[in-house]
Novice: 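Mind looking over this structure? Questions follow.
All values below come from the heavy atoms of this structure, side chains included, with hydrogens, waters and symmetry mates left out. Quantities reported herein were computed from a predicted structural model and do not represent experimental measurements. Counting starts at 1 for both ligands and their atoms, in listed order.
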Amino acid sequence: MKFLRLVLFATHAAASPLPSSVGSAGEIDSRVSQLLEGLSREAKIGQLQQLPGHLPAAEIESAVRAGRVGSLINVTDPARLRELQRIAVEESPGGIPLIIGRDVIHGFRTIAPIPLGLAATWNPELVEANCAAAAAETRSVGIHWTFAPMIDIARDPRWGRVAESPGEDPFLARRLCAAMVRGFQGDDLAAPDRIAACAKHFAAYGAALGGRDYNTTWVPDQQLWEVYLPPFKTAVDHGVATFMTAFNDLNGVPCSGSAFLLDEVLRKRWDFSGFVVSDWASVTQMVPHGIAADDREAGLLAIRAGVDMEMATPSMAEHFASFIDAGKVPPERLDELVGNILRVKLALGLFERPGPPETAVYPPEMAPESLRLAEQAAAESLVLLKNDGGVLPLPAGSKVAVIGPLADAPADQLGTWSFDGIAEDVVTPRAALEADGAAGSLASARFVPGLAYSRDKSRDGFAAALEAADEADVVLFFGGEEAILSGEAHSRARLHLPGAQEELLAALHATGKPVVLVVLAGRPLVLEPVLPLVDAVLYAWHPGTMGGPAIAKVLRGELDPSGRLPITFPRAEGQIPIYHGHRNTGRPFNPDSWSHIDDIPVGAEQTSLGNESHYLDLGHEPQFWFGEGLSYTRFRHGEPELSTTELRGGGTLEVTTTFTNTGERSGHVVAQLYFRDPAASITRPVSELAGFRKILLGPGESRQVRFELAAEDFAFPGPDGEARLEAGTIEIMVGTSARDHRSATLRIEP
Ligand code: BGC
């Protein structure tokens, strides 16, 4: 039996209060109590209802006037919002202002890359700044609340919502979550340029079986505590104002009816003080899930579990009074739920300033600084995956052929969840490269799409595209998938480039001209069939409003490609799930043991010996590893040096590694620290990310990168959610991806 110490603070700890200049947590709580005293039961119940903005205007207005609604989603006209707030405050029985929500997922009008692209920047400060810019645009029109960050760990690129996720890794997700919550909320929810954030979808929505959206999830407690819950705990630690339940059923209980998640974990263990909103109709969807006979029963389940506000459907509000009268719900429960909502409304300063100012306009202006941040985020999200013969950066004076269905597709470039983005604002790669051609940084840029859209199967445009390729020095092919092929309810079972893109790439390859593939997509695509056809691959996700100039600058080498993969890329769909932090198995993959499917003799006798955990046809390696991404320069790194080789509980460890730019250009390296606990009471992942730094190194420059870790960072949760720090050795790995690193050994003595 190993020596073990429980590290309680890792999973309990008091939550941060909601950050607000309106008052301390205690002051806000006493205002909540006063407000509750003055509200009738009906007025309280009305607070629990969120109505969608697509309902007829008169219906919304009368619901607000009657005090039957506490929140609206998807109303963006500032004049209408001002009027509705006036009605709520002056004419409704309770006089409580409305909280207005909207999906501001990666920008409001100014659209940054999709969240998976933001994750690829490995730059939390930049992500925070982009969220702050989005918050300012959003609040300016009178919207107080975004349904972000989405912090569902996603290890299945078939899932359409991988686009919206921080990727596969809990540590990266936690860092991004903290950055996003800080960016949206700042240190004062009542500030005129900040909004309430919402940690969603609680929980394990990304574990949908088969990557099919809304599908069932079966997640053992061990994996819940280790992988899916930590980003949500981080959200609470950073004072996130709200949580959203998930659509999925988790281990047999739909999340909107899960007292385990909402009460035991969120309220009791984590001490969350904001409010929980259901997902859209997720309460009544407990009927088709098969856990409630009708909407009434579904409403009761949600109330008992801990949903405070119901989005879109009215099953809680409609039946609440009868639940109290029938003794099914104690009256105090209503005060708890409403109190949670009022606390956030107060912290947001809605009672002082419910509506937007007279001067508010929709859509809001885009500040030059917001556009600059969106461009920087797009540039830093670009991941160079292949660059044979140094075809990139393009030599000055190149003649380029700009081909492909996504070179000039402004709406697709915005990606999923960009309701308030405007296609006319978008600068496409075509526009940016043509401008470069006109300005002389390229000799010329000729645009011939070849295919009209990503799924286009027609070969009619091929001849013109091939002719343009013939005349050019280099072909820039902008392929991938349209925005509508990822996002909610848009899962794909086949992850190849859709339509006739592979065929067109083959034809372009046959011209003998160098081909650069720039992929705009909402997920990792399967690139194996096209990799031999292209000289370079730049992965651009859906890069948002300023994607064009960002891509052009990186292609021309004005900026270096500094994105790194936040998710492992499979070689084929059949390898999914494939992610860096997997367990080793008892027969780990060994390249020497791989009997390739083509090498197995016909009639061979059955044997498993010497044949380890892999696929006969694809082995075990992904196409591209988590953390991977090339640069225009080369880096070398030394061994990790440890400040101590024996770490005791409560102690800290410094890990120092020297990174050197051995090339002739400056470039960003993302130094990554992983560790592995090779022998523990519960099997541990082969690699756990525990630190990263993005630094710029000039040609020939060396820099020491220092990571500081606490002994408790090496603790891990058990199935009870309690973190354990165990005695034993730890392998510390520092490098530039989950594959490429050097290691040192540490001993832990708790
Ligand atoms: C999504 C949520 C979103 C909500 C409101 C739902 O369908 O799952 O993520 O916030 O709609 O638009």
Side-chain angles (χ1 to χ4, degrees), residues 49-55 69-76 98-108 114-116 131 134-135 138 143-154 159-166 173 177 180-181 184 195-208 211-217 228 231-232 235 240-250 254-256 258 261 274-286 288-289 302 307-314 344 415-421 483-484 486-491 522:
Q49 184 65 53
Q50 180 179 74
L51 288 182
H54 67 255
L55 294 177
V69 51
S71 172
L72 296 171
I73 171 172
N74 296 343
V75 178
T76 54
L98 302 158
I99 176 168
I100 311 296
R102 180 79 164 161
D103 289 284
V104 180
I105 307 299
H106 52 115
F108 188 65
I114 53 169
L116 193 58
C131 290
T138 306
I143 296 170
H144 324 110
W145 178 25
T146 177
F147 304 111
M150 191 272 225
I151 44 177
D152 298 309
I153 298 298
W159 190 43
R161 300 196 84 165
V162 73
E164 216 186 316
S165 84
C177 169
M180 288 182 170
V181 171
F184 288 130
I195 53 179
C198 180
K200 76 184 188 187
H201 307 85
F202 198 51
Y205 182 33
R212 182 159 51 81
D213 202 10
Y214 312 129
N215 205 6
T216 301
T217 61
Y228 291 98
F232 289 97
V240 73
T242 70
F243 258 59
M244 185 187 289
T245 63
F247 282 129
N248 52 297
D249 62 330
L250 174 62
C255 294
S256 300
S258 172
L261 287 174
F275 75 83
V276 176
V277 67
S278 77
D279 202 346
W280 189 286
S282 68
V283 176
T284 55
Q285 285 167 13
M286 288 198 277
H289 265 299
V307 174
D308 299 302
M309 181 183 282
E310 185 173 353
M311 184 186 285
T313 47
V344 173
T416 190
W417 291 114
S418 51
F419 294 135
D420 301 286
I484 197 62
S486 62
E488 185 177 347
H490 289 76
S491 296

Novice: Output the list of atoms in ligand 1 that are nearer than 4.0 Å to some heavy atom of Ile73, sorted by atom number.
Specialist: 5 (C), 12 (O)
Novice: Tell me whether ligand 1 is touched by Met150 - counting only heavy atoms on the residue side and a distance under 4.0 Å.
Specialist: no
Novice: Start with the C-alpha gap between Trp145 and Phe275, add the side-chain angles, then the distance that decides, and say whether ring-ring contact (aromatic ring centres under 6.0 Å, His included) holds.
Specialist: CA-CA 12 Å; Trp145 178 25; Phe275 75 83; 5.1 Å; yes
Novice: What verdict does the side-chain contact (heavy atoms from CB on, under 4.5 Å) test give for Ile484 and His490, after you've listed the backbone C-alpha separation in whole Å, the side-chain angles of each residue and the deciding distance to 0.1 Å?
Specialist: CA-CA 7 Å; Ile484 197 62; His490 289 76; 3.9 Å; yes
Novice: Does Lys200, backbone or side chain, put an N or O under 3.5 Å from an N or O of ligand 1?
Specialist: yes
Novice: Could an N or O of ligand 1 be found under 3.5 Å from any N or O of Trp280, whether backbone or side chain?
Specialist: no
Novice: Would Met311 and Phe147 count as a side-chain contact (heavy atoms from CB on, under 4.5 Å) here? Give the steps.
Specialist: CA-CA 12 Å; Met311 184 186 285; Phe147 304 111; 3.9 Å; yes
Novice: In terms of residue, atom name and distance, what is the protein heavy atom nearest to atom 7 (O) of ligand 1?
Specialist: Glu488 OE1, 2.7 Å
Novice: Ring-plane angle category for Phe247 and Tyr214, please: parallel below 30°, perpendicular beyond 60°, tilted otherwise.
Specialist: perpendicular
Novice: Heavy-atom distances under 4.0 Å are what count here, so tell me which part of Arg102 touches ligand 1: side chain, backbone, both or neither.
Specialist: neither
Novice: Please state which option from Ile105, Asp103, Asp279 has its nearest heavy atom closest to atom 11 (O) of ligand 1.
Specialist: Asp279
Novice: Tell me, with the steps shown, if Leu250 and Tyr228 meet side-chain contact (heavy atoms from CB on, under 4.5 Å).
Specialist: CA-CA 12 Å; Leu250 174 62; Tyr228 291 98; over 6 Å; no
Novice: Show the atoms of ligand 1 that are less than 4.0 angstrom away from any heavy atom in His201.
Specialist: 2 (C), 8 (O), 9 (O)
Novice: Give the C-alpha distance, both sets of side-chain angles, the deciding distance and a yes or no for side-chain contact (heavy atoms from CB on, under 4.5 Å) between Cys255 and His201.
Specialist: CA-CA 9 Å; Cys255 294; His201 307 85; over 6 Å; no
